[in-house]
Amino acid sequence: MRNIYLEPRTERSAFAPFLVSMLAVCLTIIAGSGLFLIYGKSPIAGFHAIFIEPLQSSYGIGEILLKLGPFLLIAQGLAIGFRARVWNIGAEGQLIIGAILASVVAIRFDGSTSSLLLPGMVLAGALGGMGWAGIAAWLRTRYNANEILVTFMLSSIALQILYYLVTGPLRDPQGFNFPQSITFSAAATFPILIENTRVNASLIIALVVTVLAWVFMQRSLMGYKLVVGGLAPHAARYAGFGEKRAIWLALLIGGAAAGIAGVGEVAGPLGMLQRTVSPGYGFSAIIVAFLGGLHPIGIVFSSLLMALIHVGGDFARLSVGLPSAVTDIFQGLLLTFYLASSLLLTHRLRLRKPDAVLTAEAAE
Amino acid sequence: MTATIIFILAGTLAATVPLLLAAMGELVAEKSGMLNLGVEGMMAVGAAAGFVTVAVTGSHALGLIVGGVAALLLSGVFATLSIVFLANQVAAGLAIGILGLGVSAGIGKNYEGTTVTPMPKLSFGALGDVPVIGPALFSHDIMVYLAIAAAFAVWFVLQRTKLGLIIRAVGESPQSAHSLGYPVALIRTACVLFGGAMAGIGGAYLSIAYTPLWADGMVAGRGWIVVALVVFGTWIVPRVTLGAYLFGAISLLELSIQGLGLNVPSQLLSASPYIVTIIVLVVISRNPVLIQLNSPMSLGQTYRPNG
């Protein structure tokens with residue numbers, strides 16, 4: 001070890017971010033093998049169930065595309081904030097509030113066949129997510145309250161609001177007291193995009209948001225200001241880019257995207273509001289954003305991978321009998337190894353020259 | 001009425017133990033400049049490891065130790081990421097937080113819904129028979145008192161010893177501490193590991209004494225409240241301790257109000273600790289001088305020894 005040292009890189013290679021993410025995936029697979037062995041399962045069978053089986057059936061591919069939507073949406077929004085060093089970890093809560101507001105619209109206009117109903121729900125969901133994240137932005141800019149803690153607390157509060165609404169005001173009166181709303185009408189749900197799957201038109205919104213995120217971050221002056229504000233707040237302030245505006249912008253964008261993801265759930269595979277709106281999309285999307293290098297294109301790949309892990313985890317539970325905790329551990333390992341590997345983005349490993357060579361060089 | 005007062009007093013003392021232990025650990029880590037947001041995950045790992053240990057061996061002392069060691073190992077991952085691999089502390093804390101929740105679920109998988117015998121109560125003889133005071137203050141397991149002792153010990157070490165001075169110096173300016181010849185990376189690692197062990201013991205107390213029943217996700221946001229507590233207490237031990245007891249009392253409020261039969265939605269009660277956290281955070285943070293004067297200068301910043 002003493003012969004290896006770190007040398008800061010003078011320039012970044014274009015492929016480095018991709019290689020770093022791949023390294024993290026490889027390390028996760030190696031560590032994951034150990035995990036499978038602990039549970040007395042064959043690593044080969046386990047990985048086959050997670051990474052190969054879902055790709056072998058149209059059902060599996062459909063489920064991956066279904067989960068791709070929320071990951072893309074939320075992670076693109078979060079990444080914009082993270083690049084500005086605004087740590088919104090409450091996307092789960094913003095998703096829930098978005099889902100609630102969209103459901104309120106769907107329930108209020110139940111029976112309507114207007115083609116404006118669904119766009120109205122998307123708008124309501126986006127505003128809901130923005131509003132919920134906006135509370136954190138307001139408390140941070142006005143009262144200096146740490147947005148990490150506030151967004152997390154708001155997530156927990158959002159969940160309790162959801163529980164209250166589905167057991168009370170928004171519960172289906174004819175639903176035998178089940179904690180869920182009425183089933184939404186066809187006009188209040190996204191049309192199916194691919195036959196015989198649950199993939200719906202909300203995926204198109206996620207893809208459009210991806211393109212918008214790319215334009216915003218890579219091509220717009222405002223996106224540039226945000227990134228500079230995150231990397232060098234003092235320089236940014238000197239140049240007249242307000243920190244407060246960056247915080248507002250980052251949280252509102254992240255909240256809107258998460259809110260729309262919530263609409264995609266209630267107006268998509270669920271077709272109603274219920275206690276479980278999301279299987280933790282908002283938290284997994286944090287990992288997706290990092291693994292994608294906080295870059296709009298990278299996030300497309302990391303979203304696909306995360307969707308595969310989520311679907312594959314379900315497959316592995318059924319076919320190999322792996323506990324669901326394995327998927328959670330996998331996600332934690334993925335982010336851990338990504339952060340470790342990221343050192344190679346800014347540094348390179350070098351072999352130290354033997355002392356004799358150094359002395360000879362010094363002598364010359 | 002007396003019964004309610006006893007219930008609240010005694011309950012608060014017990015409910016505060018996990019918060020106080022974990023908060024003291026996080027405080028020490030933050031004093032050295034390390035912002036570890038993975039407290040929730042560390043407490044969850046400690047809770048699971050401690051519970052399984054007691055379920056298997058029946059020893060509560062061993063449960064606390066194993067819980068502490070398990071979370072210490074997890075905090076070692078955080079230290080490695082942020083000190084050796086120079087990772088952003090916020091991201092590294094989130095990573096071990098997520099990892100910890102997964103590992104916790106994995107450890108406790110076969111124990112879902114099972115119980116263990118709670119930690120035995122100490123006997124204070126005649127003191128325990130004094131009306132009100134006896135059942136309120138002298139009807140507890142040893143951890144209720146050790147947690148207070150731990151808070152005092154942390155205060156003493158930080159404020160009255162050379163070690164404390166070095167930790168604080170590292171937290172204020174790792175560059176200066178390095179110039180003075182102190183091993184910055186080593187001290188920061190040690191403080192993070194201490195924080196991990198304390199969070200783990202706090203988590204274990206939760207599952208083997210406070211509610212000796214295993215349910216996945218039983219830490220239920222306490223780890224995040226702990227992170228907030230350190231901010232509330234503006235990095236000052238007595239204030240953090242006071243905050244921990246305040247939040248211990250709030251968690252009791254939920255049970256008391258339900259007991260009184262008041263018609264409050266249970267969801268509002270469940271959300272109350274989070275709502276109160278936000279309100280207190282706003283009240284404390286709105287005075288930027290208070291935060292700036294007391295928060296360790298290098299908190300959350302990656303230290304690169306070579307420049």
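Note on naming: letters A, B, ... go to the chains in the order of the sequence lines (proteins, then strands), and numbering restarts at 1 for each one.
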Could you give the distance from [atom1] ([X]) to [atom2] ([Y]), rounded to the nearest 0.5 Å?
X	Y	atom1	atom2	result
A/Asn146	B/Ile278	CG	CD1	11.5 Å
B/Asp216	A/Ser324	CG	OG	7.5 Å
A/Arg140	B/Ser285	CZ	OG	10.0 Å
A/Leu165	B/Gln267	CG	CD	9.0 Å
B/Leu81	A/Phe337	CG	CZ	9.0 Å
A/Leu339	B/Thr80	CG	OG1	12.0 Å

Next on the checklist: Could you walk me through whether A/Ile89 and B/Leu94 satisfy the side chain to side chain contact (heavy atoms under 4.5 Å, CB included) test, starting with their C-alpha distance in whole Å, then the side-chain angles of each, then the deciding distance to 0.1 Å, before giving a yes or no?
Outcome noted: CA-CA 9 Å; A/Ile89 62 165; B/Leu94 292 176; 3.8 Å; yes

Next on the checklist: At under 4.5 Å between heavy atoms, what parts of residues 33-53 of chain B are in contact with chain A? List them by residue number.
Outcome noted: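 Listed by number, the contacting residues are B/Leu37.
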
Checklist entry - Does atom CH2 of A/Trp138 have more than 12 heavy-atom neighbours from other groups under 6.0 Å away? => result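 Check fails, neighbour count at 12 or below.
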
Side chain, backbone, both or neither: which part of [X] has an atom under 4.5 Å from a heavy atom of chain B?
X	result
A/Phe82	neither
A/Leu154	both
A/Leu139	side chain
A/Thr167	side chain

Given that the side chain runs from C-beta out, which part of [X] has a heavy atom under 4.5 Å from chain A: side chain, backbone, both or neither?
X	answer
B/Pro265	side chain
B/Leu101	neither
B/Val84	backbone

Next on the checklist: Walk me through whether A/Thr336 and B/Val77 qualify under side chain to side chain contact (heavy atoms under 4.5 Å, CB included).
Outcome noted: CA-CA 8 Å; A/Thr336 303; B/Val77 176; 3.6 Å; yes

Checklist entry - Counting only N and O atoms by type, is there a donor-acceptor contact under 3.5 Å from the side chain of A/Tyr143 to the main-chain atoms of B/Leu281? => result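 No; judged by distance alone, with no hydrogens or angles, the pair does not exist.
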
Checklist entry - Are A/Leu149 and B/Val227 side-chain neighbours, meaning at least one heavy-atom pair lies under 4.5 Å? => result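 They are in side-chain contact.
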
Checklist entry - chain A: which of B/Ser272, B/Ser104, B/Ala91 shares the most heavy-atom pairs with it under 4.5 Å? => result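 Counting heavy-atom pairs under 4.5 Å, the top option is B/Ala91.
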
Next on the checklist: Taking every non-hydrogen pair under 4.5 Å, which of B/Val90, B/Asn88, B/Ile96 racks up the most with chain A?
Outcome noted: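 Ranked by heavy-atom pairs under 4.5 Å with chain A, first place is B/Val90.
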
Next on the checklist: Between A/Leu162, A/Asp328, A/Leu335, who has the most heavy-atom pairs with chain B when the cutoff is under 4.5 Å?
Outcome noted: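 Counting heavy-atom pairs under 4.5 Å, the top option is A/Leu335.
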
Checklist entry - Among A/Phe283, A/Trp87, A/Tyr39, which has the most heavy-atom pairs under 4.5 Å with chain B? => result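 Max contact count across the listed options: A/Trp87.
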
Item to check | Worked verdict on B/Leu86 versus A/His347 for side chain to side chain contact (heavy atoms under 4.5 Å, CB included) | outcome: CA-CA 10 Å; B/Leu86 310 177; A/His347 293 72; 3.9 Å; yes

Item to check | Evaluation steps, side chain to side chain contact (heavy atoms under 4.5 Å, CB included), between A/Tyr164 and B/Leu268 | outcome: CA-CA 8 Å; A/Tyr164 172 70; B/Leu268 179 62; over 6 Å; no

Item to check | Closest approach of B/Gly106 to A/Ala325 (non-hydrogen atoms, all atoms of both residues) | outcome: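 Between these two residues, the closest heavy atoms are N-CB, 3.4 Å.
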
Checklist entry - What is the ring orientation for B/Tyr274 with A/Phe152, classed by angle as parallel under 30°, tilted 30 to 60°, or perpendicular over 60°? => result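 Perpendicular.
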
